[in-house]
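By convention in this document, chain letters (A, B, ...) are assigned in the order of the sequence lines, proteins followed by strands, and residues within each chain are numbered from 1.
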Protein chains: 2
Amino acid sequence: MSKAVPEPVTKLIDALSRLPGVGPKTASRLTFFLLRAPDELSLGLSDALRELKAETKFCSVCYNITVQDPCGICSDSRRDHSMIAVVEEPLDVLALERTGVYSGVYHVLHGVISPVNGIGPDELRIRELVKRIDEGEVLEIIVATNPGLEGDATAMYIQRELAGKGVKITRLARGLPVGGDLEYVDAVTLSRALQGRGEL
Amino acid sequence: MSKAVPEPVTKLIDALSRLPGVGPKTASRLTFFLLRAPDELSLGLSDALRELKAETKFCSVCYNITVQDPCGICSDSRRDHSMIAVVEEPLDVLALERTGVYSGVYHVLHGVISPVNGIGPDELRIRELVKRIDEGEVLEIIVATNPGLEGDATAMYIQRELAGKGVKITRLARGLPVGGDLEYVDAVTLSRALQGRGEL
């Protein structure tokens, strides 16, 4: 850019542009907002970014993000350690926690099998999951990967890896979203809802 | 949030949520992206944010953002210092520079008069503009505020403030955007294009 824009400004625009969903236009807009905003805003964000990597690690049991190891859930004796929900991302743990009805523990894969993106089973924490099962305490695995092609393929791979280990493997139910409208539900979801229909 | 999300993570989500156009969902998505991304990404962004405020200031002449004072444009003797383009934001300077046809200097107001947002003339750099005119070197002021209600009101206010100072005051032309389609142009723009029609 021309000398109309000083280097610290272009540097921040470039850094912000590397975030997903943030193009050069949004990055400029955010940068010029921060220039006008009080210093606390940019400095607070700067500190938070530094601390994110400095103060967090992965739990050595479930691979969720945590400050202490093992994480709060894995070290909680009131949780049911015989039940593991296998999820793709730390955000999925948060989603299940918000339901308030799940009392088991978790295993975060950090992705799904996705040949298109070059992600095979070895890039995920599947080996670590098998190791947890082999240790013998686990009775049920709830595969809670996203309901889609890649999530299903990952679930199937996990099922095959754990076959014959005497652990029950379940998958989250498919069906109508609560509050949804039959008219707007896609055909695949509706057919799953039909197959999985329950008695009133 | 529950103990499923450690404090450094929520802290970054909160900090990102304070940016304009970034809601809690986008902030979580960005945070978990940064957790998985290489450290350089979050640390580079952290440094860029710190340097933005530490290494930039406003030019004491035109109030554009700059590293050295006066800025590169104000200290450039090849520019025409008798012509000042008055713009709302530093990004507008960039837009005019990109045209490659403007050789004058700038004056950045840092906003527009906007009673709704509690921004009056005193919140803008209008007094400083008047002072630059009073110093006598300036022959033409091009009011390049945005073509809209607030930009127009600000232009009118500036015109009144500078009346009788013997400086020519112009405004950017309104008309059809190049590459635009007559069919889709709004009526106000089209009527301005009619009023401002030129001979072929």
Side-chain angles (χ1 to χ4, degrees), chain A residues 1-9 11-16 18-22 26 28-37 39 41-58 64-68 71-73 76 89-91 93-94 96-98 106 110-111, chain B residues 1-9 11-16 18-22 26 28-37 39 41-58 64-68 71-73 76 89-91 93-94 96-98 106 110-111:
Chain A
M1 274 194 254
S2 78
K3 61 186 163 184
V5 182
E7 199 255 329
V9 176
K11 197 176 151 190
L12 181 57
I13 294 176
D14 290 346
L16 287 168
R18 293 173 69 187
L19 298 176
V22 180
T26 307
S28 311
R29 198 171 47 79
L30 291 174
T31 301
F32 284 94
F33 165 81
L34 287 168
L35 271 169
R36 265 202 312 278
D39 286 12
L41 212 68
S42 43
L43 296 181
L45 191 52
S46 173
D47 289 344
L49 281 161
R50 188 168 300 281
E51 287 164 24
L52 179 73
K53 286 299 182 114
E55 295 185 11
T56 61
K57 45 182 161 266
F58 292 125
N64 195 5
I65 286 143
T66 180
V67 175
Q68 87 269 38
C71 73
I73 294 175
D76 186 344
E89 307 290 348
L91 274 178
V93 172
L94 187 58
L96 281 164
E97 285 297 289
R98 268 196 300 256
Y106 294 94
H110 290 280
Chain B
M1 274 194 255
S2 78
K3 62 186 166 187
V5 181
E7 200 255 328
V9 176
K11 197 175 150 190
L12 181 57
I13 294 176
D14 290 346
L16 286 168
R18 295 174 68 189
L19 297 176
V22 179
T26 307
S28 312
R29 198 171 47 80
L30 290 174
T31 300
F32 284 95
F33 165 82
L34 286 167
L35 272 169
R36 264 201 315 279
D39 286 11
L41 214 66
S42 43
L43 297 181
L45 191 51
S46 172
D47 290 344
L49 281 161
R50 188 168 299 282
E51 287 165 24
L52 180 72
K53 286 298 181 114
E55 295 185 10
T56 62
K57 47 181 160 273
F58 292 125
N64 194 5
I65 286 141
T66 180
V67 175
Q68 88 267 37
C71 73
I73 293 176
D76 186 344
E89 306 291 348
L91 274 178
V93 172
L94 188 58
L96 281 166
E97 285 297 288
R98 267 197 300 255
Y106 294 94
H110 290 280

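For L96(B), no part lies under 4.5 angstrom from a heavy atom of chain A. For S42(B), the parts lying near chain A are the backbone and the side chain together; criterion is any non-hydrogen pair under 4.5 Å. Neither the backbone nor the side chain of A54(B) comes within less than 4.5 Å of any heavy atom in chain A. Proximity to chain B (any heavy atom under 4.5 Å) is shown, for T26(A), by neither the backbone nor the side chain. Residue L30(A) touches chain B through its side chain alone, counting heavy-atom pairs closer than 4.5 Å. Proximity to chain A (any heavy atom under 4.5 Å) is shown, for Q68(B), by neither the backbone nor the side chain. For a residue to count as touching a neighbouring chain, one of its non-hydrogen atoms must lie under 4.5 Å from one of that chain's; by this rule K11(A) touches chain B with backbone and side chain alike.
When side chains are defined from C-beta on, E7(B) does not count as touching E51(A), because their heavy atoms never get closer than 4.5 Å. Side-chain contact between V9(B) and T56(A): present, with at least one pair of heavy atoms (C-beta onward) separated by less than 4.5 Å.
Note on D47(B) versus R50(A): salt bridge recorded, some NZ/NE/NH1/NH2 to OD/OE distance being below 4.0 Å.
For the residue pair P8(A) and L52(B), the shortest heavy atom distance occurs at O-CD1, 4.1 Å.
The choice from G111(A), C71(A), S46(A) that makes the most heavy-atom pairs within less than 4.5 Å of chain B is S46(A). When A15(A), P20(A), G44(A), A37(A) are compared by the number of non-hydrogen pairs under 4.5 Å with chain B, P20(A) comes out ahead. Across E89(B), H110(B), E55(B), the residue that shares the most heavy-atom pairs under 4.5 angstrom with chain A is E89(B). Annotation: maximal heavy-atom pairing with chain B below 4.5 Å, among L43(A), T31(A), L35(A), L16(A), occurs at L35(A).
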(request) Decide yes or no on side-chain contact (heavy atoms from CB on, under 4.5 Å) for L12(A) and L45(B), but give the supporting numbers first. (result) CA-CA 7 Å; L12(A) 181 57; L45(B) 191 51; 3.8 Å; yes
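One finds the CG atom of L91(B) at 10.5 Å from the CZ atom of R29(A) (value rounded to the nearest 0.5 Å).
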